[in-house]
Amino acid sequence: MRSALSIFASAMALCSNFVAGHAMAQDANDGIVVYNAQHESLANEWVKGFTRDTGIKVTVRNGEDPEFANQIVTESAATPADVFLTENSPAMALVDAAGLFAPVDADTLAQVPEEFRPANGHWVGIAARSTVFAYDKIKLTADKLPKSLLDLADPSWKGRWAASPSGADFQSIVGALLEIKGEADTVEWLNATKAGVTAYRSNSAAMKAVNAGETEGAVIFHYYYYGDQAKTGENSKNVGLLYFKNQDPGAFVSISGGGVLASSKHPKEAQAFLRWITGRGGQDVLKTGTSFEYAVSVGADSNPALVPLKDLQAPKVEPSNLNSKKVTDLMTAAGLL
């Protein structure tokens with residue numbers, strides 16, 4: 001009897017070990033979860049290429065920069081996300097300030113120049129977009145365009161330009177203005193903006209308004225124009241782009257970021273995902289795809305239709321200093337939010 005019991009116990013132990021091992025294997029094969037605030041089409045191309053090259057599954061949950069950043073902070077270590085991707089860097093700074101990112105692997109950081117990642121290496125740039133002034137080229141000639149983003153605060157521009165103040169893009173631009181010019185100048189500009197800007201629900205809506213002659217210009221990011229031009233051009237045929245250059249706040253280049261959550265249950269796979277995006281495969285998607293965002297990695301080429309990144313003369317801004325809460329507080333005080 002003792003022998004039979006012993007055999008039974010051994011069999012049960014083997015069965016238990018098999019089940020536990022099988023569960024661990026299933027867990028490892030579940031892949032990673034990405035909270036994606038980037039364009040869905042771009043993220044889907046990245047995921048498709050990464051899974052093709054590595055065999056690692058990726059589950060994508062799509063949303064917006066501010067919402068996901070605040071959700072991650074609320075979820076903290078319980079977040080199911082392994083990776084967070086954004087359109088702009090303030091959302092990354094918010095999560096980083098809460099201490100929720102793991103350091104990015106050194107070989108991934110080495111793929112991206114210092115100006116496109118924070119100094120602490122807790123996240124990394126994956127793409128970029130330039131601030132532009134989209135203008136009605138029928139109504140405005142070169143001599144009538146603003147020389148600086150700050151010129152739009154002049155009373156002569158009151159009621160003549162547009163933006164989407166509620167969007168993360170515009171708030172990122174304001175964050176850069178705050179970092180470059182300081183609070184006093186930013187508050188002055190925001191107050192003038194409240195008095196003079198026409199608010200639209202999105203950058204694309206603002207550009208359409210310029211094209212339709214509803215307003216003479218709009219502060220947007222560049223890729224809305226190029227994306228429309230690559231299609232029918234019906235919403236941009238009357239639109240020209242002004243690049244402010246000269247390290248002007250209006251020449252700000254916003255960095256899209258990617259980071260691995262410190263609580264990730266699959267840190268190796270999550271780090272591999274960032275490494276792939278910032279490597280040749282991921283950056284080539286930016287060159288040949290339809291997002292028209294800039295590639296940022298060392299030696300990577302952007303879409304040839306774009307003004308070269310090196311020619312934009314963008315101001316230097318430490319991306320981790322783009323404080324989204326301070327920006328929204330100032331914009332709320334000015335009545336823009």
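- With S172 contributing its side chain and A168 its backbone, the two residues share no donor-acceptor pair below 3.5 Å.
- In this model, a donor atom of one side chain and an acceptor atom of the other lie less than 3.5 Å apart for N88 and S254.
- Residues that satisfy the side-chain hydrogen bond (donor to acceptor under 3.5 Å, both in side chains) test with Q38, not counting sequence neighbours, are S256, E293.
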Could you walk me through whether D96 and H122 pass side-chain hydrogen bond (donor to acceptor under 3.5 Å, both in side chains), step by step?
CA-CA 7 Å; D96 191 26; H122 290 178; 2.8 Å; yes

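- Aromatic pair Y243/H222: ring centres not closer than 6.0 Å.
- Counting only N and O atoms by type, the side chains of D65 and T86 include no donor and acceptor under 3.5 Å apart.
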ring-ring contact (aromatic ring centres under 6.0 Å, His included) between Y135 and W157, intermediate numbers included:
CA-CA 13 Å; Y135 65 92; W157 278 98; 9.8 Å; no

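- Checking side-chain atoms of R61 against main-chain N and O of V33 turns up no donor-acceptor pair under 3.5 Å.
- More than 12 heavy atoms of other residues, nucleotides or ligands lie within 6.0 Å of CD in E318, so this atom counts as buried by the packing criterion.
- The cluster map of Ile, Leu, Val, Met, Phe, Trp and Tyr, joined by side-chain heavy atoms under 4.5 Å apart, puts L337 and I220 in the same cluster.
- Side-chain contact, N235 with N211: no donor N or O sits under 3.5 Å from an acceptor N or O.
- Distance check, rounded to the nearest 0.5 Å: CG of L306 to CG of D311 gives 11.5 Å.
- Between the side chains of Y35 and Q71, a donor-acceptor pair is found at a separation under 3.5 Å.
- A salt bridge does not link D82 to K265: none of the charged side-chain nitrogens sits closer than 4.0 Å to a carboxylate oxygen.
- Checking side-chain atoms of Q313 against main-chain N and O of N246 turns up a donor-acceptor pair under 3.5 Å.
- Salt bridge R160/E216: present, at least one basic N to carboxylate O contact under 4.0 Å.
- A donor atom on one side chain and an acceptor atom on the other are found under 3.5 Å apart for S236 and Q229.
- Taking the six-membered ring for Trp and the full ring otherwise, F273 and F50 have centroids separated by under 6.0 Å.
- Looking only at atom types and distance, the side chain of E214 has a donor-acceptor partner in the side chain of Y200 under 3.5 Å away.
- At a threshold of 4.0 Å, the pair K147-D151 does not count as salt-bridged, since none of the basic side-chain nitrogens sits closer than that to a carboxylate oxygen.
- Atoms CD and CG, on E269 and L274 in that order, are 12.5 Å from each other to the nearest 0.5 Å.
- Counting non-hydrogen atoms of other residues, nucleotides and ligands closer than 6.0 Å to NZ of K325 gives a total of 12 or fewer.
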What verdict does the side-chain hydrogen bond (donor to acceptor under 3.5 Å, both in side chains) test give for Q111 and S297, after you've listed the backbone C-alpha separation in whole Å, the side-chain angles of each residue and the deciding distance to 0.1 Å?
CA-CA 6 Å; Q111 296 184 145; S297 293; 5.5 Å; no

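- Not one N or O on the side chain of D105 forms a donor-acceptor pair closer than 3.5 Å with the backbone of D107.
- Looking only at atom types and distance, the side chain of W276 has a donor-acceptor partner in the side chain of D53 under 3.5 Å away.
- Using a 4.0 Å cut-off between charged side-chain N and carboxylate O, R129 and D169 make a salt bridge.
- Residue H39 forms a ring pair (Phe, Tyr, Trp, His ring centres under 6.0 Å) with just one option from F292, Y223, Y224, F221, and that option is Y223.
- The line from CG of N203 to OG of S164 is 5.5 Å long, rounded to the nearest 0.5 Å.
- Atom CG of D284 and atom CG of L286 lie 9.0 Å apart (nearest 0.5 Å).
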